[in-house]
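Data first, discussion second: the structure below is written as structure tokens.
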Amino acid sequence: MAKKSKGRQRITMAKMENESNLQVTFSKRRSGLFKKASELNTLCGADIAVVVFSPGGKVYSFGHPNVENVLNRFKNINQPPLNQNNNMRFNEARPNDAIRVMNDFLTQVMNDLELAKKKNEELKKIRKNSKMPVNWWEDPVEELDLAHAKEFKGLLEKLKSYVTDEASKHFQAIFPQPNFYGGSSSGAPFRDGGYINPNLDPSERRMFNVNAYYNQNMYPPNYPLPYGNNNYAGGFVPEYSLNYMHGFNQYRNQNQNLNFKEEGISENECHQDGLPPHL
Amino acid sequence: MTRQKVKMAFIENESSRKATYKKRKRGILKKANELATLCGVPVGVIIDSPYDLTPEVWPSREDMDNVLSQWQRLPVMDRTKKMLNQESYLKQSISKATETCKKLTKENKELEMKEVMFDCLSGKTSPPRIEKSDLRGCGNVIEQYLRNLNRRIEILSKNDGASSSSVHAAATTSVAMPIVELGSSSTAFCDMIRQQQIQSNMNQNVRGLDLNQQQW
């Protein structure tokens, strides 16, 4: 495990020696400086311009209302000042609406980011604390030997199929009514051009080509096909949109070998008591 | 280090505003100095406010002149490439932060689902008890894991020919586990695994999850 950094250290106020550290420092500090400049303007209504040259000679600048405007004030600094009331120059000091809205939004996003970071730390801590050395399958995949990896694979595949089954049951619960799904490009093995009649006798429904259920618009990508569960009449999930077509097609091609026990399973065998099916 | 988070909005109270201005101006100039010194680069700052009669210039008017001439020497396009004002700066900040936030939330979800997966494997929970909304995410994480596993198996299988002794040694110790008997009666997922854990703990067996005895 890589050693954690030493944390904040006192730094000598002189040009940094390490080239790459210098680059990183430049990047971070420049960014921080711009942030401070932005805040100064937001909080106090001051106009500001910051011009910074990078070690490589590129120039970065930040300015409000804009860089040129403020730079010009400097250029004209030696000229006799116009007889202006100081306050009048800054009538526009309050940030305009767009800026105000953006600041509010930024604050919100930063808060969300903060929360996400905390959660991330918590989750990693949880994983660290709950790991038991005895559970070799919780080790990184790279450390598993061949035998273990194969065992684990077998077990995971079973787990995957159970999770899939649970998920398909869930979909059924959400969508008890079949929707008419127009534009099915998988042919029309159904009656009525794609509409599945819920009143059909289940054994009749089972005669449909299972593949035909897999309307391209319907399935999320990488989603294992539930085996033998032809009560899937309600499996239309409109929210899985056309974007998934490509992923879905790839998936279909990979999984033609899955065993669909189309005719063999009666409804009673399908996970109604939460127990895994007989293998 | 901060006692209270400052709200990023114009400070209405005049004296507060003036006080903040003074402090922050000092702070910015300090930071500008550090940047210039540590990185050995030209830096120029101009601050113009109702609180000062003339614009404040840093490092000095002379140095600022040099910065400006260097600035002028650059073609317009180079000058404006990285030029920002409040609007563009804030937009940029927002999009960067949103991006990072999205990545983190995604990672968090994956970490959560990984826990669920491990909990299933060690018998702490089982698929029927997974939150319905998590099923899909869990499925995805399992798939991802399987992909990695397959890759690992592929790599190891290739090396098998090169006869890595460590692989063989591990394989022989794994063979010590009993062979599976398929077709045995099935019981609830959790109970089975729990039973085996108890058993293997009793046997002082290092392998907590006796995979070969899975009878599901």
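These numbers come from a predicted model, not from an experiment. Throughout, a chain's letter reflects where its sequence line sits, starting with A, and its residues are numbered from 1.
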What option among [options] has the most heavy-atom pairs under 4.5 Å with chain A?
options	result
Asn150(B), Ile142(B), Ile94(B), Val57(B)	Ile94(B)
Leu35(B), Asn33(B), Thr98(B)	Leu35(B)
Ile28(B), Thr20(B), Val6(B)	Ile28(B)
Glu107(B), Met8(B), Arg24(B), Lys31(B)	Met8(B)
Thr105(B), Asp78(B), Thr80(B), Leu104(B)	Leu104(B)
Leu146(B), Leu111(B), Ile47(B)	Leu146(B)

Please classify the contact of [X] with chain A as side chain, backbone, both or neither, using a heavy-atom distance under 4.5 Å.
X	result
Val67(B)	both
Lys102(B)	neither
Asp65(B)	both
Glu87(B)	both
Glu56(B)	neither
Trp71(B)	both
Asn148(B)	both
Leu74(B)	side chain
Lys91(B)	both

Requested in this report: Before giving the answer on side chain to side chain contact (heavy atoms under 4.5 Å, CB included), spell out for Val67(A) and Phe62(A) the whole-Å C-alpha distance, their side-chain angles and the decisive distance to 0.1 Å.
Outcome: CA-CA 6 Å; Val67(A) 175; Phe62(A) 171 90; 5.6 Å; no

Query - Sidechain-backbone polar pair: Thr12(A) side chain, Ala14(A) backbone, donor-acceptor under 3.5 Å - result: no

Report task. Without swapping roles, check the side chain of Thr100(B) against the backbone of Lys96(B) for a donor-acceptor pair under 3.5 Å. Result -> yes

Considering only heavy atoms and a distance below 4.5 Å, find which of [options] pairs most often with chain B.
options	result
Lys58(A), Gln23(A), Lys35(A), Glu122(A)	Lys35(A)
Ser130(A), Ser61(A), Ala98(A), Pro65(A)	Ser61(A)
Leu22(A), Thr25(A), Ile126(A)	Leu22(A)
Val51(A), Leu123(A), Ile48(A)	Val51(A)
Gln108(A), Lys36(A), Arg127(A)	Arg127(A)

**Report entry** Worked verdict on Asn69(A) versus Arg73(A) for side chain to side chain donor-acceptor pair (under 3.5 Å)
**Finding:** CA-CA 7 Å; Asn69(A) 176 311; Arg73(A) 282 183 230 184; 3.0 Å; yes

Query raised in the report: Is any NZ, NE, NH1 or NH2 atom of the basic residue among Arg17(B) and Glu12(B) found under 4.0 Å from an Asp or Glu carboxylate oxygen of the other?
Result: no

Query raised in the report: Under 4.0 Å between a Lys/Arg side-chain N and an Asp/Glu carboxylate O for Lys119(A) and Glu112(B)?
Result: yes

Report task. Please check if the distance between the ring centroids of Phe53(A) and Tyr60(A) is under 6.0 Å. Result -> no

Report task. Answer with yes or no after comparing the ring centroid distance for His148(A) and Trp136(A) against a 6.0 Å cut-off, counting only values under it. Result -> yes

What part of [X] gets within 4.5 angstrom of chain B, counting heavy atoms only: side chain, backbone, both, or neither?
X	answer
Leu144(A)	both
Asn18(A)	neither
Met16(A)	both
Lys117(A)	both
Glu17(A)	neither
Leu33(A)	side chain

Can you confirm whether the side chains of [X] and [Y] place a donor and an acceptor under 3.5 Å from each other?
X	Y	value
Asp104(A)	Thr107(A)	no
Asn85(B)	Ser88(B)	yes
Asn108(B)	Asn120(A)	yes
Asp52(B)	Tyr21(B)	yes
Asn140(B)	Arg136(B)	no

Report summary line: Rounded to the nearest 0.5 angstrom, the CZ-CG distance for Arg61(B) and Asp63(B) is 12.5 Å

Requested in this report: Applying side chain to side chain contact (heavy atoms under 4.5 Å, CB included), run through Ile99(A) and His64(A) and close with a yes or a no.
Outcome: CA-CA 11 Å; Ile99(A) 294 180; His64(A) 178 91; 3.9 Å; yes

